[in-house]
K.L.:
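The structure is given below, and queries will be raised subsequently.
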Number of protein chains: 2
Amino acid sequence: MFDQCLYFNTTSLARQLEREWTLAFKPYGLTPSQAFMLRVILAKAPIAYTNLAAELNITKATCSRTVEGLCKLNMVKRVQADADARSFELVPTTAARSIHEQLDESSAKVTRKIKKIIGEQQFNSVVSTLRSISTSIS
Amino acid sequence: MFDQCLYFNTTSLARQLEREWTLAFKPYGLTPSQAFMLRVILAKAPIAYTNLAAELNITKATCSRTVEGLCKLNMVKRVQADADARSFELVPTTAARSIHEQLDESSAKVTRKIKKIIGEQQFNSVVSTLRSISTSIS
DNA sequence: CCTAAAAATTTGCATAGCTAACTAAATGGA
DNA sequence: TCCATTTAGTTAGCTATGCAAATTTTTAGG
């Protein structure tokens, strides 16, 4: 019924992709949200909540809770920032660093699979359009 | 960091679109999930849970809860199906029927706005690609 | 110095989604 | 007919996310 609806098709595909990436990160005991956040922290540590939230395009509240989860899993440590006592910096633990490449590779694997199915060109085109819609309406 | 990632860009756009459609349906006291479900019921009543879930691409569990919400809002009534004692048919109330066109129009309005921003051609192309990815990987 | 405004996080409350386990009814053989 | 299987829907428990309000710590002005 909603074949032409951007909202419907985007949210619906998002749910399916959630399933794919859930499987990809399951071996590491991480959900997609946790894994993507950890990948940012691994790449950009030390990073503050505000920047992390911006990078992931989520609210600070959601960011706060996901960080909490990663801390409990011993993947991330909160360090008081020097400059500003209101702020924390997030750094990966050794455990996190040891799976850095595997996390990136697990995600890349799913990407390759989907690229293979729909074709590299269509893949790139749709991703870039999604990004452009996102930017346009924000 | 995830500019080329299908998962990231799809889920991220999904959250933004959620905000747009939330505003669109707010005047009717409905969330996007409720409004889309109600639109299906309005168009296809009487309809059973299983078909409704399939149409919306959600699980039966989610479907069950959303229906519950619509019943509480007096938008939908559950009717015991004649043929099968396990099954219910969902029908819209008079209140729901009275806003049928407005719901469709509210959604169409957001669609027109986004089409105007990104161009009709790109809009149609991305929607059809989303659908094709969805079908391919399911 | 002290007070008010601003910034960073957290917490409370709510929705939506999923999986898995469960109840009840229908169906299909033997 | 009776039992095993399938089907319809519900319920419980978990994650993700958002908004709004509360908290803590700075920073700015008098």
Side-chain angles (χ1 to χ4, degrees), chain A residues 7-8 10-23 25-26 29-38 46-54 56-73 76 78-90 138, chain B residues 7-8 10-23 25-26 29-38 46-54 56-73 76 78-90 138:
Chain A
Y7 169 86
F8 182 79
T10 305
T11 54
S12 180
L13 178 60
R15 292 195 294 273
Q16 275 181 261
L17 295 178
E18 190 77 26
R19 280 197 280 276
E20 299 289 326
W21 264 267
T22 296
L23 290 177
F25 295 123
K26 193 158 218 158
L30 298 170
T31 64
S33 300
Q34 291 173 334
F36 274 80
M37 177 178 280
L38 185 51
I47 184 171
Y49 279 81
T50 305
N51 299 328
L52 184 55
L56 291 169
N57 199 14
I58 54 180
T59 62
K60 286 182 294 179
T62 300
C63 188
S64 179
R65 273 191 269 244
T66 307
V67 166
E68 198 184 326
L70 287 172
C71 288
K72 274 188 193 154
L73 292 171
V76 166
R78 290 159 41 116
V79 180
Q80 186 66 71
D82 289 340
D84 190 335
R86 287 170 304 184
S87 172
F88 294 97
E89 288 186 330
L90 303 164
S138 65
Chain B
Y7 170 85
F8 181 78
T10 305
T11 53
S12 179
L13 179 60
R15 291 194 295 273
Q16 275 181 262
L17 295 178
E18 190 75 26
R19 281 196 280 278
E20 298 289 324
W21 264 267
T22 296
L23 290 178
F25 296 123
K26 192 156 220 161
L30 297 171
T31 63
S33 301
Q34 291 173 333
F36 274 80
M37 177 177 279
L38 185 51
I47 184 172
Y49 280 81
T50 305
N51 298 328
L52 184 55
L56 291 169
N57 199 12
I58 54 179
T59 62
K60 285 183 298 177
T62 302
C63 188
S64 182
R65 280 209 212 163
T66 307
V67 167
E68 198 184 326
L70 286 173
C71 288
K72 275 188 191 154
L73 292 171
V76 166
R78 290 160 40 115
V79 180
Q80 184 67 71
D82 289 341
D84 189 335
R86 288 170 305 181
S87 174
F88 295 95
E89 288 186 328
L90 303 164
S138 63

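Protein chains get the first letters and strands the later ones, always in sequence-line order, with residue 1 at the start of each. Owing to the predicted nature of the structure, the values given are computational and were not obtained by experimental measurement.
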K.L.:
Expressed as a whole number of angstroms, how long is the span from A/E68:CD to C/dT10:C1'?
P.N.:
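Whole-Å distance recorded here is 9 Å.
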
K.L.:
Return the value, rounded to whole Å, for the distance between atom CD of B/E20 and atom P of D/dG18.
P.N.:
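Interatomic distance, CD of B/E20 to P of D/dG18: 14 Å.
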
K.L.:
Rounded to the Å, how far apart are B/L90 CG and D/dT10 C1'?
P.N.:
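Rounded to the whole Å, the gap is 14 Å.
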
K.L.:
With distance as the sole test, does A/T11 use its side chain to make a donor-acceptor pair with the main-chain N or O of A/F8 at under 3.5 Å?
P.N.:
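Side chain of A/T11 to backbone of A/F8: a pair is present.
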
K.L.:
For the pair made of CE in A/M37 and P in D/dT15, what is the distance, rounded to whole Å?
P.N.:
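In whole Å, D/dT15 P lies 15 Å from A/M37 CE.
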
K.L.:
In whole Å, I'd like the distance from the CZ atom of A/F8 to the P atom of C/dA16.
P.N.:
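Atom CZ in A/F8 sits about 15 Å away from atom P in C/dA16.
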
K.L.:
Rounded to the nearest angstrom, tell me the gap between atom CG in A/L56 and atom P in D/dT17.
P.N.:
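Whole-Å distance recorded here is 9 Å.
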
K.L.:
Each nucleotide in nucleotides 17-22 of chain C should get exactly one letter: B, S or -. Can you fill that in based on protein heavy atoms under 4.0 Å?
P.N.:
BBBB--

K.L.:
Out of D/dG9, D/dT15, D/dT7, which nucleotide sits closest to the side chain of B/F88?
P.N.:
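Per side-chain heavy atoms of B/F88, the pick is D/dG9.
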
K.L.:
Of A/L30, A/T66, A/L90, which is the lone residue that meets side chain to side chain contact (heavy atoms under 4.5 Å, CB included) with A/L38?
P.N.:
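Considering A/L30, A/T66, A/L90, a side chain to side chain contact (heavy atoms under 4.5 Å, CB included) with A/L38 is found only for A/L30.
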
K.L.:
Show the nearest heavy-atom pair for residues B/W21 and B/P32, with the distance to one decimal.
P.N.:
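What the structure gives for the nearest pair is C-CG, 3.9 Å.
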
K.L.:
Do side-chain atoms of B/E89 reach the backbone of B/Q80 as a donor and acceptor pair under 3.5 angstrom?
P.N.:
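It does not hold such a pair.
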
K.L.:
Please report the distance, rounded to the nearest Å, between CD in B/Q16 and C1' in D/dG18.
P.N.:
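In whole Å, D/dG18 C1' and B/Q16 CD are 14 Å from each other.
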
K.L.:
If the cut-off is 4.0 Å, is B/S64 near the phosphate of D/dG9, judged by side-chain N/O to OP1 or OP2?
P.N.:
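No, outside the criterion.
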
K.L.:
DNA chain D: B/N51 or A/E18, which has the more 5' nearest nucleotide?
P.N.:
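The 5'-side residue here is B/N51.
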
K.L.:
For the side chain of B/A85, starting at C-beta, report the closest nucleotide among D/dT10, C/dA25, C/dT15.
P.N.:
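Nearest nucleotide to the side chain: C/dA25.
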
K.L.:
So, does A/T50 get its side chain near the phosphate of C/dT9, meaning an N or O under 4.0 Å from OP1 or OP2?
P.N.:
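Looking at the OP1 and OP2 atoms of C/dT9, one of them is under 4.0 Å from a side-chain N or O of A/T50.
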
K.L.:
From B/R15 CZ over to A/T59 OG1, what is the distance, rounded to the nearest 0.5 angstrom?
P.N.:
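Between atom CZ of B/R15 and atom OG1 of A/T59 there are 9.0 Å.
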
K.L.:
Under the 3.5 angstrom rule, does the side chain of B/S64 hit a backbone N or O of B/K60 as a donor-acceptor pair?
P.N.:
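Side chain of B/S64 to backbone of B/K60, a donor-acceptor pair under 3.5 Å: no, none is there.
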
K.L.:
So, is B/Y49 close to the D/dT10 phosphate, meaning a side-chain N or O under 4.0 Å from OP1 or OP2?
P.N.:
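Affirmative; the distance criterion is met.
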
K.L.:
What is the distance, rounded to the nearest whole Å, between atom CH2 of B/W21 and atom C1' of D/dG18?
P.N.:
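In whole Å, D/dG18 C1' and B/W21 CH2 are 18 Å from each other.
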
K.L.:
Minimum heavy-atom separation for A/V67 to A/Y49, with atom names?
P.N.:
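Smallest heavy-atom distance, with atoms named: CG1-OH, 3.4 Å.
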
K.L.:
Take B/T11 and B/S87, find for each the nucleotide of DNA chain D with the closest heavy atom, and name the residue whose nucleotide sits nearer the 5' end.
P.N.:
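Result of the comparison: B/S87.
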
